[in-house]
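Data first, discussion second: the structure below is written as structure tokens.
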Amino acid sequence: MKEADLVVSFLTRDQGKLRGVAKRARRPKSAFGAGLERLSHVRMAYFQRETRELVNLDSCELIRSQFSLVSDYWTSVALDYFAEVTGELLPAAEPSEKFFRLLLAVLDSLQPAETGSAWRAVTYFSLWAVRLSGWLPQLDVCLGCGSLLDDPDAPERAFFSRGREGLVCGHCRKSLGGSSWELSAPSRALAAEMLRTPVAAVRQPGWNQATAGDLRRFLVQQIETHADRRLVTAPLLEEE
Amino acid sequence: MPDFAEPLARLINEFKRLPGIGQKSAQRIAFHVLRAGREDAKQLAQAILDVKDKLGLCTVCNNISDSDLCQFCRDTGRDPHVVCVVEEAHNIVSIETTRQFEGRYHVLHGSLSPLRGIGPESLKIKGLVERVGQGEITEIVVATNPTVEGEATAVYLSRLLKPLGVKVTRIAMGVPVGSDLEFADEVTMSKAMEGRREM
């Protein structure tokens, strides 16, 4: 490794998450250009030696850059959040085509200078990232007593807490003790909608930081519990 | 790691903590120090201590300085109305080598990078806002790196400072001198087109 070289972590459609060295990438005349910027969608050529963990990046051709999105601060934070969660959840060199498509879909849904699209994308990405990792609990059933939370005749409030894998009803919350947060009925309905709708089709008008904030907190806690560490970008995303 | 005598092993471990230095390089440097004369070793140790003891941040621009004000803030020949904002103190050297800029500087000590937990409050932005608020500055030149983080920082600063009535400009981005347009990617080329100038 030399001073102008860069170690890059990248997600491929067919080989999963890989790490490689881009020679002279930090030099102004580097052939990699903007292709190695965070979450750039590129066509990459690299070669891999069986005995080496790091691959050697040969070239990358830019398909789509996220450079224009940084004109909005929250969108820029959202991009870092996607990168961190992807890096945290995906094991090295294990293909995950669905996760790759999820990332492309949320990036496509982001619009420059439209903060609402960032909150929608973050919520959608978090929900599907947890689901694709196999950790998404049923959002309509109490983890404690098994009662239906969305029973039309007797709707129950739903609560979650750090370290607990699902939602509990008001009664179970009291008996389990500890601090907990409510996951509102509208947020649960939104989660259900997001699980059956492409991100671009999820209703957008009025999206802001407060929209589904409880759902994002629940999902971030699920990610952090399973990753066994706190996400660096999550608190910045929820700052006012 | 082979069994070195304790002082040597400790020195190797200390060198290994430096950026870009691995086990082999650390051993090579440690053996170089071991072979060097006592006076050379003392000078190295003293230079390291001096950096820690005698240097601080300029109270105005946060540049690294051995007194309250750095050389650029002390220099009355420089234009106090134009301030160039850079990410790191060593970026000033690159700008100074051009001999084109005669204003003053402001060092942010980083760029916005949520992935590394760096938000606006982690940067030296408050002092910049205060400097602009004093009314003497007419232009802020944002010379953060042409990366996603640098661009996000530039956009953030521009939104923060423009309402204070100051002109905010961004250094040009685009095709490097001596390169070939054929190999420029679309972001570089579009930035070059955006920043084109009349001849």
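Reminder, nothing fancy here: chain letters follow the sequence lines and each chain counts from 1. We use all heavy atoms of the structure for the numbers below, so side chains are in, but hydrogens, waters and symmetry mates are not. Predicted model, so just to flag it, every value in this text is computed and none were measured.
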- Message: With a 4.5 Å cut-off on side-chain heavy atoms, are B:Val148 and A:Phe67 touching?
- Response: yes
- Task: Give a yes or no answer on whether the side chain of B:Asp185 reaches the backbone of A:Leu62 with a donor-acceptor pair at less than 3.5 Å.
- Result: no
- Using non-hydrogen atoms and a 4.5 Å limit, figure out which bit of B:Pro19 sits close to chain A: side chain, backbone, both or neither. neither
- Message: Please report the interatomic distance CG(B:Leu160) to OH(A:Tyr73), rounded to the nearest 0.5 Å.
- Response: 12.0 Å
- Given side chains that start at C-beta, do those of B:Ser113 and A:Asp80 come closer than 4.5 Å, heavy atoms only? yes
- Note on the structure: When the 4.5 angstrom heavy-atom criterion is applied to B:Ser158 and chain A, the contacting part is neither
- Item | Within 6.0 angstrom of A:Arg229 CZ, more than 12 heavy atoms from elsewhere | yes
- Contact part of A:Leu236 toward chain B, heavy-atom cut-off under 4.5 Å: side chain, backbone, both or neither? side chain
- Query: Is it true that atom CZ of A:Arg26 has more than 12 heavy atoms of other residues, nucleotides or ligands lying nearer than 6.0 Å?
  - Reply: no
- Task: Give, as side chain, backbone, both or neither, the part of A:Phe32 having an atom under 4.5 angstrom from any heavy atom of chain B.
- Result: backbone
- Query: Between the main-chain N or O of B:Val175 and the side-chain N or O of A:Lys29, is there a donor-acceptor pair closer than 3.5 Å?
  - Reply: no
- Assert top hit (heavy-atom pairs under 4.5 Å, partner chain B, pool A:Val232, A:Leu237, A:Leu39) equals A:Val232
- Message: Please report the interatomic distance CD(B:Glu149) to CD(A:Glu37), rounded to the nearest 0.5 Å.
- Response: 6.5 Å
- Message: Using a 3.5 Å distance criterion without hydrogens, assess whether the side chain of B:Arg159 forms a donor-acceptor pair with backbone atoms of A:Ser71.
- Response: yes
- Item | Heavy atoms from other residues, nucleotides or ligands near CZ of B:Arg74 exceed 12 (cutoff 6.0 Å) | yes
- Query: Taking atom CG of A:Leu231 and atom CG of B:Leu115, what is their separation to the nearest 0.5 Å?
  - Reply: 10.0 Å
- At what distance, to the nearest 0.5 angstrom, does CD of B:Glu151 lie from CD of A:Gln66? 14.0 Å
- B:Glu139 atom CD, over 12 foreign heavy atoms within 6.0 Å: yes
